[in-house]
Structures are given as structure tokens and as C-alpha cells.
Amino acid sequence: DAKTTQPTSMDCAEGRAANLPCNHSTISGNEYVYWYRQIHSQGPQYIIHGLKNNETNEMASLIITEDRKSSTLILPHATLRDTAVYYCIVRVTDKLIFGTGTRLQVFP
Amino acid sequence: KAGVTQTPRYLIKTRGQQVTLSCSPISGHRSVSWYQQTPGQGLQFLFEYFSETQRNKGNFPGRFSGRQFSNSRSEMNVSTLELGDSALYLCASSLGVLAAGDTQYFGPGTRLTVL
């Protein structure tokens, strides 16, 4: 499974868009990009995933570059409840390999 | 639809004891995976079960074992507990065999403390 690189931490003002980047330069053609988040000591929460095309759901949007070597998770209107650690994961089968993630702090 | 449930939520044991944790997947989900989360090592994959068979195993000692029942419920067991086994143990379920594009949904976890 490809390795991902994310910034350690980010801040975002409440109500603004939070853009969380992820680099996955060694991604293979059949590996999906997944995003999860974990609010303190709770189980990871699934957010969104994609293969090639951009994806949007009720929680977020996922923008994947054309060469698939990086992606951005967008929370369009961040709230205080979005404060969490966000994990970007690429996998093809079997298991999720979590990195250290990005700690997003949303401030009032 | 109810989510993944794990019992117990909190557990305190002493070194040398053994422990069994339980996981009930989302209704209709047949694959169950277990993860260990510690401050030092982060989230690490333990094993995955599908149709009562272990399909994949992470890099953990044989003291860590699991099983899955015909109703897809799963248990994991840790024998001869060590202080380093203190962690949040997470269970995740998915609809079928983990294939590209399938999504795992996590339970709230069991917080195990070994004294």
C-alpha cells in the first residue's frame, strides 16, 4: 500500500473552508484514497473515498489531482465539531494503514 | 441501521491475565477487522475475519487471536497481558471481503488498561 504524507497540524476559522492536503506519490492505479477522522478517543469516522474522479458527499469534498499523486479533503464550512485528527489512507485490499494524520483545530 | 458495537467499552486487567473483547458488526456486514491504537504506535491492523475465516493478520504476537461466528460477530482475545497491551482496541466492519472501494466502518472501541 502506498505511503501518505500529511501536515502534522492545521488551523481553520469556524465557518471557513478547511482544505486538508495529502501526498501519495507512489499510489498505484487501483488504489483508492480514503479519508477518516477521529475525534478524541472515539473510533475513526469514515468521511469519503475516491479513485480518480472528484467526489462529494454531505460531509466533504475530495479533490484528486489528475496524476493521482495528491488529494485534498475540503470541509466547506468548518465548525468547532470538526476539530479532529484527519487521516488520509490509500489502499487496494485487506486493510487500512493509518499514518499520523493531520490534527485540525477549528477556532471560533 | 445500528452501527458497529463493541463491548465492553472499558476494561482494567492486570499483567498475566487474559481478556476477550467483543464486536458486533453492522447488520449485513460480513467482514470484521480489528485494530490497536496506542499513543506511540498509532492505529495498527491486527487481523480481518470473513465468513469465520481469518483472511489477513498484522504483525502482532500469537498472544493476540480472534474468531468470528456464523452471525458475523467477532471476538478477539489477548492472553498473558503485558503493560504494553494497554490501548484502544477498535473493530471495523465492511459489507464483504475487503476489496478496493469497500468501506470499513468503525465501532467506538474498547479501552483496555493493563496494570
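Nothing here was measured: the structure is a model prediction, and the numbers come from that model. Each chain gets a letter, A, B and so on, in the order its sequence line appears, and its residues count up from 1.
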Next item on the list: Using non-hydrogen atoms and a 4.5 Å limit, figure out which bit of A/Gln38 sits close to chain B: side chain, backbone, both or neither.
Entry: side chain
Note to self: The criterion is salt bridge (charged side-chain N to carboxylate O under 4.0 Å, His left out); which residues satisfy it with B/Arg73, sequence neighbours excluded?
What the structure shows: B/Glu75
Checklist line | Candidates B/Arg55, B/Gln104, B/Glu48 - the one meeting side chain to side chain donor-acceptor pair (under 3.5 Å) with B/Ser33 | finding: B/Gln104
Check: Transitively linked via ILVMFWY side-chain contacts under 4.5 Å: B/Tyr49 with B/Leu95?
Finding: no
Margin query: Heavy-atom cut-off 4.5 Å, strictly under: side chain, backbone, both or neither for B/Leu43 against chain A?
Written below: both
Check: With sequence neighbours excluded, what pairs up with B/Glu82 under the salt bridge (charged side-chain N to carboxylate O under 4.0 Å, His left out) test?
Finding: B/Arg63
Next item on the list: Check the side chains of A/Tyr86 and A/Arg37 for a donor-acceptor pair under 3.5 angstrom, ignoring hydrogens and angles.
Entry: yes
Check: side chain to side chain contact (heavy atoms under 4.5 Å, CB included) with A/Thr4: which of A/Ser70, A/Cys88, A/Ser25?
Finding: A/Cys88
Next item on the list: Can you check whether anything in residues 64-72 of chain B gets within less than 4.5 Å of chain A, heavy-atom wise, and list it by number?
Entry: none
Notebook entry, point to check: Hey, is CG on B/Asn59 packed in by over 12 heavy atoms from elsewhere, all under 6.0 Å?
Noted result: no
Check: A/Gly99, A/Gly50, A/Gly43, A/Gly101: which one forms the most heavy-atom pairs within less than 4.5 Å of chain B?
Finding: A/Gly43
Item checked: Qualifying residues under side-chain hydrogen bond (donor to acceptor under 3.5 Å, both in side chains), relative to A/Thr72, sequence neighbours excluded -> none
Next item on the list: Against chain A, label B/Gln44 side chain, backbone, both or neither, depending on which of its atoms sit under 4.5 Å from a heavy atom there.
Entry: neither
